[in-house]
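Computation of the quantities below employed the complete heavy-atom set of this structure, encompassing side-chain atoms and omitting hydrogens, waters and symmetry-equivalent molecules.
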Amino acid sequence: MSVGVQRLREEPDVIRQGAIDKGEDPSIVDRALAVDATRRRLQAESDTRKAERNSASKEIGEAIRAGATPDGPEVAALRAASTAAGGRIVEIDRELVAAETELEDLLLRVPNPADPEVPVGGEESNVIVRTWGTPHEHGERRPHWEIAEALDIIDNPRGAKIAGSGFPVYKGAGSRLQRSLISWFLDVHTTEHGFTEVWPPAVVNAASARGTGQIPDKEDQMYVATRDELYLVPTAEVPVTNLHRDEI
């Protein structure tokens, strides 16, 4: 998930270190801060210019009511000031949209810092919290795919032929086992643990993928139907979390 702009302003060092810990370029934090400063400056100038334009319009009406002619030099000067302010407002609004767009993209790419107790590094940095039982040596057990193929409940070669490596075909008792496990887990959670079963779409739009942090930086890890701009669901969290996106 992306970091919020308020936290970025309040804890830039924490956010920067968090990016480093996760292997991201920390310069993205500095760029986001710079764009945010630009955006706030533009917003302040826009408010000032709009106030000037409103003031000039008000003064034009007051001048005419006081006897000034609509084509007189006093009114012309006020109209020129209003026009100049309006022209600058148009420029500012254009720059503001660009800054806001860039800031939104940058914030999506700045990672949230991990919990302080999470060790930094790869597998070698993992900490054993507790153990149970006596672990078996790797050489003592056959891998599950060999057992499944021997039982004729899984077919890896044909799965690879159909879709590629890593896509097995379950058959016979293997198919029944998959279906039964899914039903069992759903039944247990919905009848005993208070969960509600949902059947979301198998695809999500870009807003949903962005809402759970899959894009922009993980977009190349997802399957996408480019014609319709729809992404195949990578994990259950994406559609389920987005059930409540933009809701309070």
Side-chain angles (χ1 to χ4, degrees), residues 1 18 21-24 111-206 208-245:
M1 300 294 289
D21 291 344
K22 291 189 174 183
E24 300 288 343
N112 268 316
D115 186 277
E117 295 184 4
V118 174
V120 177
E123 185 177 351
E124 73 285 352
S125 302
N126 288 343
V127 177
I128 297 177
V129 178
R130 64 179 179 271
T131 59
W132 177 84
T134 303
H136 289 280
E137 295 294 332
H138 289 296
E140 294 181 17
R141 293 179 295 175
R142 295 172 64 189
H144 69 274
W145 56 88
E146 288 185 6
I147 298 174
E149 287 184 331
L151 294 172
D152 198 29
I153 62 175
I154 193 171
D155 192 331
N156 284 313
R158 287 193 173 95
K161 179 174 67 174
I162 294 171
S165 177
F167 294 93
V169 170
Y170 295 93
K171 54 189 291 191
S175 299
R176 186 176 182 181
L177 177 62
Q178 286 284 91
R179 175 165 46 84
S180 299
L181 284 173
I182 292 170
S183 295
W184 179 66
F185 274 109
L186 286 172
D187 289 344
V188 168
H189 286 309
T190 55
T191 60
E192 299 181 18
H193 300 150
F195 282 76
T196 300
E197 182 177 348
V198 296
W199 193 302
V203 293
V204 295
N205 54 29
S208 296
R210 189 176 296 109
T212 46
Q214 267 63 40
I215 59 176
D217 60 331
K218 299 178 183 65
E219 188 171 359
D220 60 349
Q221 301 174 20
M222 300 174 67
Y223 296 102
V224 57
T226 54
R227 182 185 64 185
D228 301 314
E229 295 185 0
L230 293 173
Y231 297 83
L232 291 178
V233 171
T235 65
E237 75 170 291
V238 178
V240 173
T241 301
N242 278 282
L243 289 173
H244 300 291
R245 174 167 52 87

Value rounded to 0.5 Å, distance of [atom1] in [X] from [atom2] in [Y]:
| X | Y | atom1 | atom2 | value |
| --- | --- | --- | --- | --- |
| Leu177 | Ile182 | CG | CD1 | 9.5 Å |
| Phe185 | His193 | CZ | NE2 | 11.0 Å |
| Leu243 | Arg245 | CG | CZ | 10.0 Å |
| Ile153 | Gln178 | CD1 | CD | 9.0 Å |

Sequence neighbours left out, what passes side chain to side chain donor-acceptor pair (under 3.5 Å) with Lys22? Give chain and number order.
none

For residues [X] and [Y], report the shortest heavy-atom separation together with the two atoms involved.
| X | Y | value |
| --- | --- | --- |
| Val233 | Pro239 | CG1-CD, 3.6 Å |
| Met222 | Ala209 | CE-CB, 4.3 Å |
| Ile147 | Arg142 | CD1-O, 3.9 Å |
| Ala206 | Tyr231 | CA-CE1, 4.0 Å |
| Glu237 | Thr212 | O-CG2, 4.0 Å |
| Ser125 | Gly121 | OG-CA, 3.5 Å |

Apply side-chain contact (heavy atoms from CB on, under 4.5 Å) to residues Leu230 and Asn205 and explain how you reach the verdict.
CA-CA 5 Å; Leu230 293 173; Asn205 54 29; 4.2 Å; yes

Residue pair Gln214 / Pro234, side-chain heavy-atom distance below 4.5 Å
yes

Note, Pro168 side chain near Glu149 side chain (heavy atom, < 4.5 Å)
no

Atom CD of Glu124: over 12 foreign heavy atoms under 6.0 Å:
yes

Over 12 foreign heavy atoms within 6.0 Å of CD, Glu229:
no

The residue among Ile154, Ile162, Asn156 that forms side-chain contact (heavy atoms from CB on, under 4.5 Å) with Val169 is Ile162

For Phe195, give me all partners under ring-ring contact (aromatic ring centres under 6.0 Å, His included), at least two apart in sequence or on another chain.
His189

Give a yes or no answer on whether the side chain of Ser165 reaches the backbone of Ala160 with a donor-acceptor pair at less than 3.5 Å.
no

